[in-house]
Number of protein chains: 2
Amino acid sequence: MKDPVQFLRHHGLSVTAQRLAVLRAVSRRSHSTAEVIAEEVRSEINAVSRQAVYNALGTLAEKGLIRRIQPAGSPALYEDRVNDNHHHLICRTCGKTVDVDCAKGRAPCLTAADNAGFEIDEAEVIYWGTCPKCLAKSARSRA
Amino acid sequence: MKDPVQFLRHHGLSVTAQRLAVLRAVSRRSHSTAEVIAEEVRSEINAVSRQAVYNALGTLAEKGLIRRIQPAGSPALYEDRVNDNHHHLICRTCGKTVDVDCAKGRAPCLTAADNAGFEIDEAEVIYWGTCPKCLAKSARSRA
DNA sequence: ATCCTTTATTTGACTGAGTCCATAAATTGA
DNA sequence: TCAATTTATGGACTCAGTCAAATAAAGGAT
């Protein structure tokens with residue numbers, strides 16, 4: 001099921017140039033916004049509408065081929081690493097986003113101390129901090 | 001330092017009717033949006049501008065008197081429970097948000113498997129799921 | 001290969017949440 | 001009490017994303 005064409009068919013979705021290009025764009029530039037992906041797609045196929053990009057990102061995320069993350073204060077980001085319970089580390093200064101594996105292995109992340117009767121299906125973890133580059137920069141400016 | 005007036009003074013902030021009312025509104029209705037808080041404030045003091053509400057929420061959050069959370073697909077929410085490393089459980093269906101204590105006690109939440117050279121200052125955890133009410137509703141409609 | 005139905009894409013208007021900026025008002029501290 | 005500073009107001013504006021109607025492309029049956 002790694003072939004995107006198969007994947008789309010398998011989910012009853014038509015195979016379109018836009019969807020395939022969006023998929024490739026997400027793989028090429030992980031953690032980028034719809035806007036960036038749209039540009040990337042345009043450099044590959046001649047043109048896409050913004051709406052088509054949003055549609056593609058939306059349905060692909062829904063079907064589980066890509067993942068959408070929506071960090072505070074940033075437009076949504078998309079990545080193709082999926083189904084592996086990993087988390088993100090985001091720089092407060094420059095927004096740089098990197099993957100981190102789940103600290104606790106499999107999926108005990110899903111465990112909350114008290115679930116308040118909720119049925120929990122995902123634990124989203126975002127680590128906020130400062131990336132090495134921005135750390136260096138601020139050290140320099142403080143000197 | 002529990003008196004908000006003292007708190008504001010202590011941080012070199014002027015004590016204004018708007019700020020105090022915003023503070024009270026956040027305490028009264030935890031996990032509400034700027035919009036809801038603005039209405040709440042208006043019911044107390046006669047009028048506030050949207051901007052004043054955003055300003056107050058912003059500076060109060062910055063000084064650590066309130067906390068801002070920004071869940072995916074929702075406007076920012078504010079709460080007055082602060083400095084206790086708790087997390088949130090959000091219903092995907094109705095958006096209901098409840099507090100959960102950190103599963104691991106103190107603050108080991110701050111530990112990522114690999115920090116990639118970042119200096120981490122916060123681990124934000126959001127548990128996504130379905131609240132009891134929405135679970136019941138969907139069980140009924142499936143019957 | 002062609003036609004027909006379904007599914008996607010385009011275009012352009014529109015919304016919600018939040019910010020910017022210049023002016024007016026309130027707060028502070030001398 | 002008065003100037004200096006800090007906030008608040010009002011209104012325009014931006015950004016990210018959605019809606020909806022019309023058009024075009026895919027997929028299936030013939």
Side-chain angles (χ1 to χ4, degrees), chain A residues 3-23 25-26 31-42 44-63 65-66 68-78 95 97, chain B residues 3-23 25-26 31-42 44-63 65-66 68-78 95 97:
Chain A
D3 179 14
V5 173
Q6 295 309 310
F7 184 94
L8 293 173
R9 289 250 160 74
H10 188 257
H11 283 88
L13 299 171
S14 319
V15 176
T16 68
Q18 289 86 341
R19 291 220 256 243
L20 294 174
V22 164
L23 216 31
V26 172
H31 306 136
S32 42
T33 63
E35 194 50 45
V36 168
I37 291 176
E39 280 164 34
E40 189 73 11
V41 167
R42 282 189 197 107
E44 208 188 318
I45 61 179
N46 205 2
V48 232
S49 62
R50 181 189 0 173
Q51 189 62 46
V53 173
Y54 278 107
N55 285 349
L57 290 170
T59 48
L60 292 172
E62 197 175 308
K63 298 301 185 181
L65 235 201
I66 63 177
R68 171 195 288 148
I69 58 179
Q70 285 168 266
S74 152
L77 307 178
Y78 297 85
T97 301
Chain B
D3 179 13
V5 173
Q6 295 310 309
F7 184 93
L8 292 174
R9 288 249 161 74
H10 188 256
H11 283 89
L13 299 171
S14 325
V15 177
T16 68
Q18 290 85 342
R19 291 220 256 243
L20 294 174
V22 164
L23 216 32
V26 171
H31 307 136
S32 42
T33 63
E35 193 50 45
V36 167
I37 291 173
E39 279 165 33
E40 190 73 9
V41 167
R42 280 188 198 107
E44 208 187 318
I45 63 181
N46 206 2
V48 233
S49 63
R50 181 187 0 171
Q51 189 62 46
V53 173
Y54 279 106
N55 285 350
L57 290 170
T59 48
L60 292 172
E62 197 175 307
K63 299 300 185 184
L65 234 203
I66 62 178
R68 170 194 289 148
I69 58 178
Q70 286 168 267
S74 152
L77 307 178
Y78 298 85
T97 301

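Within every chain, numbering begins at 1; the chains are lettered A, B, ... in the order of the sequence lines, protein sequences first and strands thereafter. What you are looking at is a predicted structure, and each value in this text was computed from that prediction instead of being measured.
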Under 3.5 Å donor-acceptor, B:R68 side chain and B:L57 backbone: no
A:R19 side chain vs A:S14 backbone, donor-acceptor pair below 3.5 Å: yes
Do you know the tightest heavy-atom contact between [X] and [Y]?
| X | Y | value |
| --- | --- | --- |
| B:V48 | B:A38 | CG2-O, 4.2 Å |
| B:A34 | B:V53 | O-CG1, 3.9 Å |
| B:A72 | A:Q70 | CB-OE1, 3.3 Å |
| B:V22 | B:A56 | CG2-CB, 3.9 Å |
| B:S49 | B:R42 | C-NH2, 4.3 Å |

Where do N or O atoms of nucleotides 2-5 of chain C meet protein N or O atoms at under 3.5 Å, pair by pair?
none

From [atom1] of [X] over to [atom2] of [N], roughly how many Å is that when rounded to an integer?
| X | N | atom1 | atom2 | answer |
| --- | --- | --- | --- | --- |
| A:L8 | C:dA8 | CG | C1' | 12 Å |
| B:E35 | C:dT19 | CD | P | 14 Å |
| B:Y54 | C:dC21 | OH | P | 18 Å |
| A:L57 | C:dT9 | CG | P | 11 Å |
| A:L23 | C:dA8 | CG | P | 14 Å |

Any side-chain heavy-atom pair of A:L60 and A:L8 under 4.5 Å: yes
Side-chain heavy-atom pair B:Q18, B:V41 within 4.5 angstrom cut-off: no
N/O (side chain, B:T33) to phosphate O (OP1/OP2, C:dA17) under 4.0 Å: no
Short side-chain N/O contact to C:dT27 OP1/OP2 from B:R9, under 4.0 Å: no
Value rounded to 0.5 Å, distance of CD1 in B:I37 from CD in B:E40: 8.5 Å
From CD1 (A:I66) to CG (A:L77), nearest 0.5 Å: 11.5 Å
Sugar-phosphate only, base, or nothing, as touched by B:A56 at under 4.0 Å among non-hydrogen atoms: nothing
Chain A contact limits on DNA chain D, taken 5' to 3' with a cut-off of 4.0 angstrom to heavy atoms: D:dA16 to D:dG27
Check: protein-nucleotides 10-13 of chain C nitrogen or oxygen pairs below 3.5 Å:
| from | atom 1 | to | atom 2 | distance (Å) |
| --- | --- | --- | --- | --- |
| C:dT10 | OP1 | A:Q18 | NE2 | 3.3 |
| C:dT10 | OP2 | A:S49 | N | 3.0 |
| C:dT10 | OP2 | A:S49 | OG | 2.9 |

